[in-house]
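In what follows, residues are counted from 1 in the order of the sequence shown.
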Amino acid sequence: MKLNQVRDYYRVRPGYWFKPKLYGLGAVPVTWQGWLATVVLVGIGAWLANLAEHGRPAFLVLLVPLVLGFLWLCWAKTDGGWRWRWGDPE
């Protein structure tokens, strides 16, 4: 797959933030909204990890819903759905 084909593959329709991965299961952010959601998840996750470092038990109680909510957002905003993929769809 050439660079132009990869770039074209990772274009999404309006309203979608993520595109399915070429290999495996899941999605990758391809718009600024998708990247912002990913950065916010990492930032909140780092803050929660800091709580865990200080011995606060709220770490897992807050982390699990955060990750599940992010996965739901990724699934809902993925242009093309989630399924196992192995390379170029053509």
Side-chain angles (χ1 to χ4, degrees):
M1 186 177 248
K2 295 181 180 175
L3 182 60
N4 289 338
Q5 292 172 318
V6 171
R7 186 180 55 222
D8 290 340
Y9 175 78
Y10 283 111
R11 293 183 196 271
V12 292
R13 294 177 290 167
Y16 291 100
W17 302 350
F18 299 89
K19 186 74 177 179
K21 293 168 51 173
L22 277 174
Y23 293 92
L25 180 67
V28 294
V30 293
T31 64
W32 69 267
Q33 295 98 331
W35 283 106
L36 180 64
T38 304
V39 167
V40 167
L41 171 77
V42 170
I44 294 173
W47 175 72
L48 290 174
N50 189 30
L51 288 179
E53 189 174 280
H54 295 301
R56 296 193 174 94
F59 171 68
L60 285 177
V61 172
L62 297 173
L63 183 65
V64 170
L66 176 72
V67 170
L68 291 176
F70 181 74
L71 287 174
W72 176 84
L73 177 72
C74 289
W75 174 79
K77 292 290 190 175
T78 298
D79 185 12
W82 282 26
R83 65 178 171 81
W84 184 263
R85 288 178 169 77
W86 194 251
D88 185 14
E90 281 128 35

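Hydrophobic clustering of Ile, Leu, Val, Met, Phe, Trp and Tyr side chains at less than 4.5 Å, counting indirect connections, unites Leu73 with Leu25. Taking hydrophobic clusters as Ile, Leu, Val, Met, Phe, Trp and Tyr residues chained together by side-chain heavy-atom distances below 4.5 Å, Val39 does not share a cluster with Leu66. Linking ILVMFWY side-chain heavy atoms closer than 4.5 Å, directly or via other members, places Val61 and Phe70 in two distinct hydrophobic clusters. Grouping the Ile, Leu, Val, Met, Phe, Trp and Tyr side chains by contacts below 4.5 angstrom, directly or via other members, places Val28 with Trp84.
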In residues 41-49, what donor-acceptor pairs under 3.5 Å come from side-chain atoms, sequence neighbours left out?
none

Could you go through residues 12-19 and list every donor-acceptor pair under 3.5 Å that involves a side-chain atom there, pairing it with any protein atom two or more places apart or in another chain?
from, atom 1, to, atom 2, distance (Å)
Arg13, NE, Asp79, OD1, 2.9
Arg13, NH2, Asp79, OD1, 2.8

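Legend: residues meeting side-chain contact (heavy atoms from CB on, under 4.5 Å) with Leu71, ordered by chain and number and at least two apart, are Val67, Trp82. Applying the side-chain contact (heavy atoms from CB on, under 4.5 Å) test to Trp32 and every residue at least two apart in sequence or in another chain returns Leu36. For Arg85, there are no salt bridge (Lys or Arg N to Asp or Glu O under 4.0 Å) partners at least two apart in sequence or on another chain. Under the rule for a side-chain contact (heavy atoms from CB on, under 4.5 Å), the partners of Trp35 that lie at least two apart in sequence or sit in another chain are Pro29.
Trp86 contributes atom CH2, which lies 10.5 Å from atom NZ of Lys21 (distance to the nearest 0.5 angstrom). With rounding to the nearest 0.5 Å, the separation of CG in Leu63 from CG in Leu68 is 9.0 Å.
Heavy atoms only, all atoms of each residue included: Pro20 and Gly81 are closest at CG-O, 3.4 Å.
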